[in-house]
Q: 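Before anything else, here's the structure in question.
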Amino acid sequence: MSFDSLGLSEPLVRAVHELGYTTPTPIQTQAIPAVLNGGDLLAGAQTGTGKTAGFTLPILQRLNTMPAVATASGKRAVRALILTPTRELAAQVEESVRAYGKYLKLKSTVMFGGVGINPQIGALRSGVDIVVATPGRLLDHMQQKTIDLSHLEILVLDEADRMLDMGFIHDIKRVLAKLPPKRQNLLFSATFSDEIKTLADNLLDSPALIEVARRNTTAETVAQKIHPVDRDKKRELLTHLIKQHNWFQVLVFTRTKHGANRLAEQLTKDGISALAIHGNKSQSARTRALAEFKDGTLQVLVATDIAARGIDIDQLPHVVNYDLPNVPEDYVHRIGRTGRAGATGEAISLVCVDELQLLKDIEKLIKRPVPQEVIAGFEPDPTAKPEPILRRGQGGGGGGGNRQPRQSQGAPKRDGASSAKPAQRSGQRPANGQQQPKPQGAKPAGNGGQPRRDGQRHDGQPRAAAHEGSAAQHAPRKPHGAKPQGSNPGALLGGAKPRNDAPRGGQPTRSGQRGR
DNA sequence: AAAAAAT
């Protein structure tokens with residue numbers, strides 16, 4: 001199977017090939033012809049399955065093929081709208097659109113909150129074909145009448161379940177109400193709650209159905225490991241691990257925003273360059289942290305679950321769960337940040353007694369125990385009692401009325417400096433972790449803290465296509481270090497009994513085409 | 001229970 005046999009035109013295939021992809025993933029194989037068909041689509045797919053290319057490629061082709069439309073002012077009209085739950089994801093999707101559309105004349109832009117609205121208005125005025133947006137800012141534009149969607153032909157709701165979880169349903173309905181009724185709708189969701197089904201029923205007209213087996217697990221290329229540890233020794237252990245192995249690009253997840261801030265500060269004190277990323281950070285701080293982490297300037301990125309989905313970093317070697325996530329599914333999303341596109345990765349979880357129940361839930365979900373390894377010097381106190389803080393909500397699927405109206409959280413915190421890095425860096429990084437982290441503050445002041453919204457990379461390397469990445473399929477590799485090495489594996493923390501391996505994910509389970 | 005998203 002190849003991209004041109006899916007019906008994509010030469011300029012798209014050329015862009016895809018130049019980005020290093022030759023073989024479509026299962027979801028691409030199914031979604032691309034379905035979208036080219038012009039009908040609606042309901043797709044069950046998570047990030048990391050090649051989903052983004054699955055809709056951006058055929059959308060580009062359709063817009064390129066269909067006769068261009070002009071607005072009253074004579075500029076190109078917005079014909080495709082892609083909504084995503086987070087700003088970072090919106091930026092990434094638009095990068096993909098740009099990368100894949102490199103040889104086409106189509107124009108795209110991204111818009112979300114937390115940054116100035118005027119540049120966005122300017123971009124819209126100059127005329128764009130494709131808009132990628134988060135719901136809030138899009139509504140803002142609609143109310144201010146700075147966006148004209150009267151020529152819209154294609155609508156995509158990406159990570160629709162996440163958007164509903166985040167309380168976007170009302171915003172989405174308000175957007176939908178103002179769109180031209182005759183259009184192609186694509187809905188992507190990792191899960192299918194009753195809410196999603198209702199949304200799909202209302203939105204989609206006899207959609208094609210595509211489902212790719214859930215990645216409930218954990219690519220084979222990710223080696224997972226638990227380090228049992230006392231709750232108050234976690235930070236020390238993390239520092240120890242990073243320094244001992246000289247890890248150079250570590251994504252660390254915490255449960256709370258406050259926890260992320262604290263940990264980043266402490267790591268910095270320990271001589272490790274670290275920044276936190278979460279929803280209370282200013283957009284410029286978020287953008288900067290992500291950019292520095294991606295280009296290797298930053299050794300550690302401490303994140304809340306804002307980064308659990310979607311965020312894609314090439315060849316990210318290490319993910320650490322400093323806290324286990326409250327929702328088992330998020331474990332899968334988190335560790336899915338590593339081992340992407342066939343590369344090997346390592347997912348380490350620091351687990352204290354409080355988190356045993358969460359661990360059990362996770363092992364049940366992924367249908368396998370995670371090997372445990374106690375690190376010498378960090379043996380957990382066997383008499384420690386769990387503190388009954390953590391409870392997991394969310395029953396089987398239908399239930400949780402998790403509605404939360406948006407509420408203002410006050411001004412985002414400005415974390416100090418207005419430094420953004422000047423463009424630099426060759427794009428190479430040492431292959432073996434020799435890179436020394438720069439101390440904080442050593443960077444020259446940059447462009448006044450303007451966030452990068454332009455989707456360009458510092459190093460100018462094409463990479464957007466790596467999102468949802470692995471267009472190409474790679475031979476599965478054995479995870480390295482899958483066996484616990486070192487001292488008493490399995491000590492102290494009762495995990496699930498070893499079972500035979502879980503079934504591999506990644507195969508399509510169901511597909512339907514239909515004409516319209 | 002936490003997180004995210006418009007000002």
Side-chain angles (χ1 to χ4, degrees), chain A residues 47 82-93 110-121 131-147 157-175 190 253-263 276-283 285-287 290 302-311 321-331 333-334 354-355 357-358 361 386-395 399-413 451 453:
Chain A
T47 55
I82 302 166
L83 291 178
T84 72
T86 68
R87 298 169 182 174
E88 279 74 13
L89 189 56
Q92 278 191 184
V93 168
V110 60
M111 46 183 57
F112 46 68
V115 297
I117 199 168
N118 288 331
Q120 296 173 2
I121 294 173
V131 169
V132 187
T134 51
R137 180 56 68 89
L138 175 70
L139 273 173
D140 202 354
H141 281 286
M142 290 170 76
Q143 279 155 10
Q144 296 192 35
K145 301 205 190 307
T146 48
I147 188 169
L157 299 185
D158 194 13
E159 310 231 340
D161 50 347
R162 191 66 154 188
M163 289 203 269
L164 296 197
D165 284 349
M166 288 163 58
F168 281 155
I169 184 67
H170 300 295
D171 287 352
I172 289 171
K173 282 186 173 160
R174 284 165 66 201
V175 172
F253 284 102
T254 60
R255 211 165 41 81
T256 65
K257 297 186 262 204
H258 183 59
N261 283 339
R262 235 180 10 210
L263 182 58
I277 185 168
H278 56 66
N280 277 2
K281 290 272 185 183
S282 72
Q283 189 55 40
R286 281 163 61 165
T287 309
L290 197 57
V302 187
T304 60
D305 280 319
I306 188 179
R309 300 201 197 191
I311 302 301
N321 290 306
Y322 189 81
D323 304 310
L324 285 183
N326 281 335
V327 179
E329 282 80 4
D330 283 342
Y331 176 84
H333 292 303
R334 286 178 176 188
D354 306 342
E355 297 167 301
Q357 186 55 48
L358 294 171
D361 293 343
E387 286 193 7
I389 327 163
L390 300 163
R391 277 235 5 113
R392 72 174 286 250
Q394 298 216 332
N402 213 5
R403 193 62 21 91
Q404 258 172 353
R406 180 184 298 121
Q407 44 187 257
S408 104
Q409 299 170 312
K413 291 176 195 116
R453 302 184 297 278

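Naming convention: chains lettered A, B, ... in sequence-line order (proteins, then strands); numbering from 1 in each chain. Not measured: the values here are computed from a predicted model.
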Q: With A/Gln143, which residues qualify under side chain to side chain contact (heavy atoms under 4.5 Å, CB included), at least two apart?
A: A/Arg174

Q: Can you tell me how far P of B/dA3 sits from CE of A/Met163, to the nearest Å?
A: 21 Å

Q: Which part of the nucleic acid, if any, lies within reach of A/Arg174 when heavy atoms closer than 4.0 Å are counted: base, sugar-phosphate only, or nothing?
A: base

Q: Answer yes or no: does a side-chain N or O of A/Arg87 lie under 4.0 Å from OP1 or OP2 of B/dA5?
A: yes

Q: Return no unless some side-chain N or O of A/Arg286 is found under 4.0 Å from OP1 or OP2 of B/dA5.
A: yes

Q: Tell me the interatomic distance from A/Leu324, atom CG, to B/dA2, atom P, rounded to whole angstroms.
A: 16 Å

Q: Is there a donor-acceptor pair closer than 3.5 Å between any side-chain N or O of A/Asp161 and the backbone N or O of A/Ala190?
A: yes

Q: Please report the distance, rounded to the nearest Å, between CE in A/Met142 and P in B/dA6.
A: 14 Å

Q: Please give, in whole Å, the distance from B/dA3 C1' to A/Asn261 CG?
A: 14 Å

Q: Say whether A/His333 and A/Asp305, considering side chains only, have a donor N or O and an acceptor N or O under 3.5 Å apart.
A: no

Q: Taking OP1 and OP2 of B/dA4, is either one under 4.0 Å from a side-chain nitrogen or oxygen of A/Thr134?
A: no

Q: Rounding to a whole Å, what distance do you find between A/Tyr331:OH and B/dA2:P?
A: 22 Å

Q: Of the listed nucleotides (B/dA6, B/dA4, B/dA3), which one gets closest to any side-chain atom of A/Thr256?
A: B/dA3

Q: Among B/dA4, B/dA2, B/dA6, which nucleotide has an atom closest to any side-chain atom of A/Thr304?
A: B/dA4

Q: For the side chain of A/Arg162 and the backbone of A/Thr86, is there at least one donor-acceptor N/O pair under 3.5 Å apart?
A: no

Q: A/Lys257 NZ to B/dA3 P: how many Å, rounded?
A: 6 Å

Q: With a 4.0 Å cutoff (strictly under), does any side-chain N or O of A/Arg162 reach OP1 or OP2 of B/dA3?
A: no

Q: Starting at CZ of A/Phe168 and ending at C1' of B/dA4, how long is that distance when rounded to a whole Å?
A: 6 Å

Q: What integer distance in Å separates A/His333:NE2 from B/dA4:P?
A: 15 Å

Q: Tell me which nucleotide among B/dA6, B/dA1, B/dA5 gets nearest to the side chain of A/Leu139.
A: B/dA6

Q: Ignoring hydrogens and geometry, is there a side-chain-to-backbone donor-acceptor pair from A/Gln120 to A/Met111 under 3.5 Å?
A: no

